[in-house]
Amino acid sequence: MTANEGGALRAPKGTNDILPPDSFRWEGLVRLAGDTFERAGYAPAETPTFEDTALFERGVGNTSEVVTKQMYSFEDLGGRSLTLRPEGTAGVVRAVIEHNLHRGALPVKLHYGSWMFRQERPQRGRYRQFFQVGIEAMGTDSPSVDAEVIEVGDRFLRSAGATPTLLLNSIGHPAADCKIGYNQVLVDFLRAHEGELAPEDRKRIDTNPLRTFDSKEAATIAVMASAPVITDHLCSACAEHFEAVKAHLDALGVDYSLEPRLVRGLDYYTRTAFEFVWSGLGSQNAMGGGGRYDGLSEMIGGDPLPGIGFALGVDRILLALDEHGIQGRPKIDVYLVAQGDGAVAEALVLATRLRRAGIGADLDHTMRGMKGQMKEAARSGARFAAILGPDELAAGEVTLRDLTSGEQQRVPATDLESRVKAG
Ligand code: HAM
């Protein structure tokens with residue numbers, strides 16, 4: 001329900017309005033992500049907000065909770081089953097195949113910043129509409145790409161002011177002996193402990209045994225503490241790949257914690273799996289995660305196209321940064337304070353001239369008193385207030401006040417631009 005009977009409508013449950021001043025921090029973080037990713041050769045990509053439901057059923061997987069319990073699916077007027085995307089990777093891989101980008105130079109390296117939709121039970125850090133920034137590198141299974149992707153994510157989070165712990169694992173490859181052989185070892189273990197597992201996890205033995213590691217149920221967590229782990233059962237190709245990824249990360253100076261029970265919640269993962277966690281976030285402690293998805297393209301009907309990527313939750317990163325008091329960047333350099341007849345018109349002309357010169361400028365349109373306008377000037381984040389009173393207006397001047405030092409000086413209005421630029 002979004003409405004009280006006859007009352008004001010409210011945003012749907014689990015969604016957030018992003019308004020000033022938080023919206024500045026939001027925008028700054030998303031821009032930092034794009035800059036960081038593009039400086040590593042990842043080009044921007046946008047894909048549709050909704051896709052054929054089958055894309056997620058086949059790509060993200062019918063045994064993942066995201067698909068079975070959380071999708072916003074609907075039938076459109078043409079009777080097609082569509083779904084608001086719960087994640088970005090399946091759509092990006094679909095777009096690459098559909099437009100034959102994989103027939104050009106490899107790897108195809110893309111980044112995105114997009115809204116995602118999952119019908120989860122809302123709580124702090126878990127919403128029904130949330131924003132992810134992410135990158136995907138498609139077309140090679142070279143371990144150097146795994147390390148590149150992980151380092152880019154780690155560096156972005158650190159440059160944003162976060163201090164995540166990087167959890168790293170390899171979950172093997174379904175086409176290799178390791179996963180098939182390990183699956184049997186794990187199923188045998190789970191069968192032997194079936195009675196001790198939480199009832200809702202028992203059916204996972206048949207559908208996706210690896211996912212039992214992901215359970216939030218205390219009974220299952222206790223059982224899984226002694227379960228055999230996949231890293232002890234990797235085939236030689238997967239073990240070599242994992243060793244190479246770790247060696248690259250060591251060479252790059254990226255710290256990681258090996259976490260053999262990290263399995264991730266989506267069905268497409270193979271080999272490298274990782275998560276950036278931060279304990280200050282409480283139970284929703286993952287700032288982001290990703291991994292390899294070497295079989296995803298074939299799952300959705302495409303050519304073989306190994307890939308790796310990650311997505312980071314912007315809502316959660318900002319929650320983490322909140323605790324450290326990271327601020328957004330104000331964009332107003334000068335606030336024009338207009339007093340008296342004709343002053344607003346002149347202030348608008350001056351503000352426009354400054355804006356055309358690339359300087360951030362704002363003014364009062366509502367004829368507030370001097371005190372009220374100075375308060376607005378402070379609130380705007382401007383470095384300077386340019387005061388246009390009757391005296392200044394008559395002399396063709398402004399009083400330029402440095403809002404940090406409090407120093408002020410009368411200057412010709414025509415000099416305003418150069419004075420502000422000079423700082
Ligand atoms: P994911 O682990 O499902 O991976 O989501 C990545 C991140 O998105 C999470 O760590 C979290 O920060 C954020 N997130 C997920 N669900 C919510 C929610 N309900 N509310 C707020 N934030 C949320 C993926 O989505 C994969 N596509 C990542 C990937 C890219 N793997 C390979 N390439």
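Both counts, for ligands and for their atoms, begin at 1 and track the order of listing. This chain uses plain numbering: 1 for the first residue, then up along the sequence.
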When the ring planes of Trp26 and Trp115 are compared, do they come out parallel, tilted or perpendicular, using 30° and 60° as the limits?
parallel

Heavy-atom distance under 4.5 Å between the side chains of Tyr42 and Glu148, does that happen here?
yes

Are any of the heavy atoms in Gly289 under 4.0 Å away from ligand 1?
yes

Is the shortest side-chain N to carboxylate O distance from Arg128 to Glu120 below 4.0 Å?
no

If you count the atoms of ligand 1 from 1 in the order shown, which ones are under 4.0 Å from a heavy atom of Gly125?
20 (N), 21 (C), 22 (N)

Please answer whether the main-chain N or O of Ala198 pairs with a side-chain N or O of Thr220 as donor and acceptor at a distance below 3.5 Å.
yes

Heavy-atom contacts with Leu266 under 4.0 Å: which atoms of ligand 1 show up? List them by number with element.
4 (O), 24 (C), 26 (C)

Using a 4.0 Å cut-off to any heavy atom of Glu87, which atoms of ligand 1 qualify?
25 (O), 26 (C), 27 (N)

Do Lys216 side-chain atoms and Asp214 backbone N/O form a donor-acceptor pair below 3.5 Å?
yes

Hey, is Gly265 one of the residues with a heavy atom under 4.0 angstrom from ligand 1?
no

For ligand 1, find out whether one of its N or O atoms is nearer than 3.5 Å to an N or O atom of Ala286.
yes

Does any N/O atom on Arg126 come nearer than 3.5 Å to any N/O atom on ligand 1?
no

Within the structure, does Leu312 bring an N/O atom to less than 3.5 angstrom of an N/O atom in ligand 1?
no

Does ligand 1 come near enough to Asp315 that some N or O of the ligand is less than 3.5 Å from an N or O of the residue?
no

Below 3.5 Å, N or O to N or O, backbone or side chain included: is there any such pair between Ala311 and ligand 1?
no

Evaluating non-hydrogen atoms only, which member of Glu275, Arg118, Met287 is closest to atom 3 (O) of ligand 1?
Arg118

How long is the straight-line distance from CD1 of Ile300 back to CD of Glu51, given to the nearest 0.5 Å?
8.5 Å

I want to know if ligand 1 touches Ile135 in the polar sense, i.e. an N/O pair below 3.5 angstrom.
no

If you measure every N or O of Thr89 against every N or O of ligand 1, does any of those distances drop under 3.5 Å?
yes

Pick whichever of Arg85, Glu120, Arg121 has a heavy atom sitting closest to atom 19 (N) of ligand 1.
Glu120

Heavy-atom distance to atom 29 (C) of ligand 1: which of Tyr269, Phe276, Tyr293 wins?
Tyr269

Do Gln119 and Val66 have side chains that approach each other closer than 4.5 Å (heavy atoms only, starting at C-beta)?
no

Using a strict 4.0 Å cut-off to heavy atoms of Arg264, name the atoms of ligand 1 that fall inside it.
1 (P), 2 (O), 4 (O), 28 (C)

I'd like to know if Met116 contacts ligand 1, where contact means a heavy-atom distance under 4.0 Å to any ligand atom.
no

Which atoms of ligand 1 are found less than 4.0 Å from any heavy atom of Glu136?
30 (C), 32 (C), 33 (N)

Given 3.5 Å as the limit, does a donor-acceptor pair link the side chain of Asp76 with the main chain of Arg80, or not?
yes

Taking Asp333 for the side chain and Gly360 for the main chain, is one N or O donor matched with an acceptor at less than 3.5 Å?
yes

Heavy-atom contacts with Gln132 under 4.0 Å: which atoms of ligand 1 show up? List them by number with element.
5 (O), 6 (C), 7 (C), 8 (O), 24 (C), 25 (O)

Tell me whether His241 contacts the main-chain N or O of Asp141 through its side chain, where contact means a donor paired with an acceptor under 3.5 Å.
yes

